[in-house]
Amino acid sequence: MTRNNVERAALTEKLGVDIDPELLSLALTHRSFAYENGGVPHNERLEFLGDSVLGQAVTVRLFTRHPDLDEGSLAKRRASVVSTVALAEIARTIDLGAHIRLGRGEILTGGRDKDSILADTMEALIGATFLSAGPDAASAMVLRLVEPLMADPERYGAAMDPKTSLQEIAARLGLSAPVYGVEATGPDHDRRFTATVAVGDVSTTGEGSSKKQAEMAAALTAWRELDARA
């Protein structure tokens, strides 16, 4: 077995499901790699499928687990669990970034740890699992991965509105208001944003396809650090 196959076997073991090797390779192929290698297929169609599978699995679990919550509360919880930031956090727990096939440009700019790339690849893996093992196996995998997030109610408010949550915890700790800075890179059709937030002695960064998304990612990371202290 080649090193590449060994690494992918380790990934599927963490996922707890067998995925067809060709579909797994496709799920791990980012469009930047496809562009630099003659336009080979990439994972965006699988990502589209995985997004739906993810949403359904989380919706059903929240609906059955929380009969006391109204529609608005359920929607907020679902949004936080399936958010880019949440999916990227899940991806990091299985070291997904190390397995993604990226173009040279993305590798040089830290693509293996970008929230958006990690989240999109996570959805593509869910789509590949659906096609390989069926809907039940895909839903079961989703729930195994998101369970730690769903079991932590404190994260719902922070994940939905991390900038407000960061401001509130900073005030509670007697710190000054968070200060943000944002830089944009890349062509107009594929703009990427990197945000930095500083509060007290904490300084964190976040990536996103928009200024807002990048600031939210940076704010959530900072909130986690301060919440751990609090």
Side-chain angles (χ1 to χ4, degrees), residues 1-35 37 39-66 74-75 77-103 106 111-152 155 159 207 209:
M1 184 179 290
T2 66
R3 177 182 176 183
N4 192 46
N5 288 337
V6 170
E7 291 175 346
R8 291 186 178 179
L11 175 62
T12 56
E13 184 177 350
K14 292 177 183 177
L15 294 172
V17 65
D18 290 327
I19 302 176
D20 175 83
E22 289 188 9
L23 283 173
L24 177 59
S25 181
L26 180 59
L28 295 172
T29 303
H30 186 256
R31 65 183 178 184
S32 63
F33 181 93
Y35 177 78
N37 289 271
V40 299
H42 54 74
N43 63 10
E44 289 184 2
R45 279 176 53 85
L46 285 176
E47 175 194 337
F48 172 79
L49 174 61
D51 177 67
S52 294
V53 175
L54 168 69
Q56 182 184 51
V58 171
T59 298
V60 172
R61 173 56 63 90
L62 288 171
F63 182 86
T64 55
R65 178 174 286 183
H66 300 285
L74 290 171
R77 293 199 173 203
R78 178 180 60 193
S80 69
V81 172
V82 304
S83 69
T84 296
V85 172
L87 290 176
E89 182 176 335
I90 292 170
R92 291 186 181 98
T93 67
I94 60 173
D95 195 25
L96 180 58
H99 302 278
I100 303 174
R101 301 167 79 194
L102 294 171
E106 282 292 354
R112 296 194 187 282
D113 196 46
K114 288 181 179 177
D115 282 0
S116 57
I117 291 177
L118 290 171
D120 291 347
T121 308
M122 197 69 244
E123 289 180 336
L125 281 176
I126 295 169
T129 302
F130 179 92
L131 295 177
S132 295
D136 291 342
S139 294
M141 183 189 77
V142 166
L143 294 177
R144 282 196 304 273
L145 293 171
V146 304
E147 189 60 39
L149 307 185
M150 299 174 76
D152 181 9
R155 78 166 44 251
E207 303 273 351
S209 57

Show, in sequence, the C-alpha distance, side-chain angles and deciding distance for Ile117 and Leu102, and conclude whether the side-chain contact (heavy atoms from CB on, under 4.5 Å) test is met.
CA-CA 10 Å; Ile117 291 177; Leu102 294 171; 4.1 Å; yes
Measure across [X] and [Y] and return the closest heavy-atom pair with its distance rounded to 0.1 Å.
X      : Y     : result
Leu149 : Ala86 : CD1-CB, 3.7 Å
Ser83  : Ser80 : OG-O, 3.0 Å
Thr12  : Leu24 : CG2-CD2, 3.8 Å
Val146 : Leu54 : CG1-CD1, 4.4 Å
Leu28  : Asn43 : C-ND2, 4.4 Å
Thr121 : Ala27 : CG2-O, 3.5 Å

For residues 93-102, which residue pairs qualify under side-chain hydrogen bond (donor to acceptor under 3.5 Å, both in side chains), counting only residues two or more places apart or in two chains?
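For residues 93-102: Ser25-Arg101, Thr29-Arg101.
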Could you name each residue pair satisfying side-chain hydrogen bond (donor to acceptor under 3.5 Å, both in side chains) that touches residues 53-65, not counting sequence neighbours?
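Applying side-chain hydrogen bond (donor to acceptor under 3.5 Å, both in side chains) to every pair that reaches into residues 53-65, excluding sequence neighbours, yields Thr59-Arg78, Arg61-Glu147, Arg65-Glu147.
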Salt bridge (charged side-chain N to carboxylate O under 4.0 Å, His left out) against Glu22, all qualifying residues, sequence neighbours excluded:
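By the salt bridge (charged side-chain N to carboxylate O under 4.0 Å, His left out) rule, Glu22 matches no residue at all.
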For Ala91, which residues count as a side-chain contact (heavy atoms from CB on, under 4.5 Å) partner, sequence neighbours excluded?
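Per chain and number, Ala91 pairs via side-chain contact (heavy atoms from CB on, under 4.5 Å) with Leu96, Leu118, Met122.
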For Arg144, does the CZ atom sit with more than 12 other heavy atoms under 6.0 Å from it, leaving out its own atoms?
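Yes.
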Please determine whether the number of non-hydrogen atoms from other residues, nucleotides or ligands lying under 6.0 Å from atom CG of Asp18 exceeds 12.
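No.
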Report the distance from atom CZ of Arg112 to atom CD1 of Ile100, rounding to the nearest 0.5 Å.
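Answer rounded to 0.5 Å: 7.0 Å.
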All side chain to side chain donor-acceptor pair (under 3.5 Å) counterparts of Ser132, not counting sequence neighbours
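Counting only residues at least two positions away or on another chain, Ser132 forms no side chain to side chain donor-acceptor pair (under 3.5 Å).
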Would Leu131 and Leu46 count as a side-chain contact (heavy atoms from CB on, under 4.5 Å) if you check the C-alpha gap in whole Å, the side-chain angles of each, and the deciding distance to 0.1 Å?
CA-CA 9 Å; Leu131 295 177; Leu46 285 176; 3.7 Å; yes
Listed once per pair and sorted, the salt bridge (charged side-chain N to carboxylate O under 4.0 Å, His left out) pairs that draw on residues 114-137, sequence neighbours left out
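Listed once each, the pairs are Arg92-Asp115, Glu106-Lys114.
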Short question: side chain of Asp20, backbone of Leu23 - any donor-acceptor pair under 3.5 Å?
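Confirmed, Asp20 side chain pairs with Leu23 backbone.
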